[in-house]
Amino acid sequence: MSHDISNDDKASNEHRGNRHRAESGKHLEGLTGHDVTYPNTWARWRAVIREPAAEFLGTMVLILFGNGVVCQVVLSGNPAVSAGSKGEYLSICFGYGTGVALGVWISGGISGGHINPAVTDLLLIWFRVYVLTRQTKVTLALAVFRGFPWKKVPIYMFAQLMGAICGAAIVYANYFHAIDIFEGGRGVRTVPGTASLFATYPLDYLTPVSAFFDEFIGTAMLVMVILAVTDKKNIAPKPGMVPLALFFVIFGIALAFGMQTGFAINPARDLGPRLLTAMVGYGRDVFDFRNQYWLWCPILGPFLGALVGALVYDAFLFVGSDSIINTEAKAHRERVRNAAVIDYPEKIAGNIV
């Protein structure tokens, strides 16, 4: 009898626990695209902010390593700062490659690891997002019609921008004493001067068109590699190794095309730190430099380069049905009419290789 009562108690307690979890973890149907039960209130809200938080942290890590290595290499060149140089241009190439790889490893299984507004824009326009997990490959249509909602576009881009600002702020807080010494006085800030430790500025001889082309071609190459390493009908690496492939492409772009404009190839990577420098004492000069260079080179150049890079890859190499180029016009119109929201599975984190 006591054994039966014990079993009944256990069953009753289990039933109450299940009911409590169902009540406390209210459904988020419509927010995540799935009818999911969460164990508590924080888990419920975390599901809402998880993707932008991943983009924020991934971009922040990119800037921490990227701006951090530039500060160390350049500032240590001053004998008053360091007894010896702590790196060279090759160090900067390694630093940015590492930042991108680690940023994508952090965010890839959650948000897709964009960490770049040009890539977010690309994935919306060219119909393809590949989440870097073993079981998850999500194809998204043009946001205005279906798939990845347009309301997520500004959220992702804002998260990336805020992550870049925070990353630059951390680097600045770490190195501002060295910057004072390098500039020759407390609070002295010059543009480009030490502002170039954070944002990109072209060499003096470079014309506006040449500066634009430099960023355009670098981003086009980046995007073609991204599409290639996520193309299952190409020699794509295992999903967990995609960030390593991105390390090599960033490293290569930095080695081959980094001298003239500083290889922004990412609007958030330039605009976030540029905003930070404007706030900490560099002023409007960071935006007035060369007639608003900041807009047409490190922002518009990467956006347009990403689109052209995707066009070239999809037009000549990609044979999958994910791209609009490989979709029959009638089928595409039907897909647009009958589109349904596609979102990431709720347990992506458990699938990371």
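- With side-chain heavy atoms closer than 4.5 Å counting as contact, directly or through intermediates, the hydrophobic cluster containing Leu203 also holds Tyr205, Leu206, Met259.
- Note on residues 64-86: pairs passing side chain to side chain donor-acceptor pair (under 3.5 Å), not counting sequence neighbours, are Asn67-Tyr96.
- Annotation for Val81 and Ile181: closest pair CG2-CG2, 3.8 Å, computed over non-hydrogen atoms.
- The aromatic rings of Tyr172 and Tyr282 sit perpendicular, their planes meeting at an angle over 60°, well past the 30° parallel limit.
- Cluster annotation: Phe248 is connected to Ile115 through the hydrophobic network of ILVMFWY side chains, with a link wherever side-chain heavy atoms come within less than 4.5 Å.
- By the criterion of side-chain heavy atoms lying less than 4.5 angstrom apart, applied directly or through intervening Ile, Leu, Val, Met, Phe, Trp or Tyr residues, Leu227 is not grouped with Ile235; the two fall into different hydrophobic clusters.
- Val188 and Tyr175 are assigned to two separate hydrophobic clusters, defined by single-linkage of ILVMFWY side chains at heavy-atom distances under 4.5 Å.
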ask   = Asn234 and Tyr313: side chain to side chain donor-acceptor pair (under 3.5 Å), yes or no, with the steps?
value = CA-CA 11 Å; Asn234 205 325; Tyr313 188 84; 3.0 Å; yes

Enumerate donor-acceptor pairs with a distance under 3.5 Å from any side-chain N or O in residues 293-303 to protein atoms, sequence neighbours excluded.
residue : atom : partner : partner atom : Å
Trp294  : NE1  : Phe287  : O            : 3.4
Trp296  : NE1  : Asn291  : O            : 3.3
Trp296  : NE1  : Gln292  : O            : 3.2

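- Counting heavy atoms from C-beta on, the side chains of Phe257 and Met221 come closer than 4.5 Å.
- You'll find the side chain of Phe289 reaches within 4.5 Å of the side chain of Pro202, heavy atoms only.
- The closest side-chain heavy-atom distance from Arg290 to Asp204 is below 4.5 Å.
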task = Test Arg274 against Thr200 for side-chain contact (heavy atoms from CB on, under 4.5 Å), laying out the working first.
result = CA-CA 8 Å; Arg274 194 177 297 270; Thr200 63; 3.9 Å; yes

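- A side-chain donor-acceptor contact under 3.5 Å links Thr190 and Glu183.
- No continuous path of hydrophobic side-chain contacts links Val319 to Ile226 [ILVMFWY only; heavy atoms under 4.5 Å].
- Hydrophobic cluster membership of Val209, counting Ile, Leu, Val, Met, Phe, Trp and Tyr whose side-chain heavy atoms lie under 4.5 Å apart directly or via other members: none, as it forms a cluster of its own.
- Side chain of Asp231 to backbone of Leu317: no donor-acceptor contact under 3.5 angstrom is found.
- Within the 4.5 Å cutoff, the side chain of Arg269 has no heavy atoms near those of the Leu161 side chain.
- Heavy atoms only, all atoms of each residue included: Gly97 and Phe247 are closest at C-CD1, 3.2 Å.
- Remark: Arg284 pairs with Asp288 by the salt bridge (charged side-chain N to carboxylate O under 4.0 Å, His left out) rule, at least two apart or across chains.
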Output a table of donor-acceptor pairs, distance under 3.5 Å, between side-chain atoms of residues 56-65 and any protein atom two or more places apart or on a different chain; print 'none' if there are none.
residue : atom : partner : partner atom : Å
Thr59   : OG1  : Glu55   : O            : 2.8

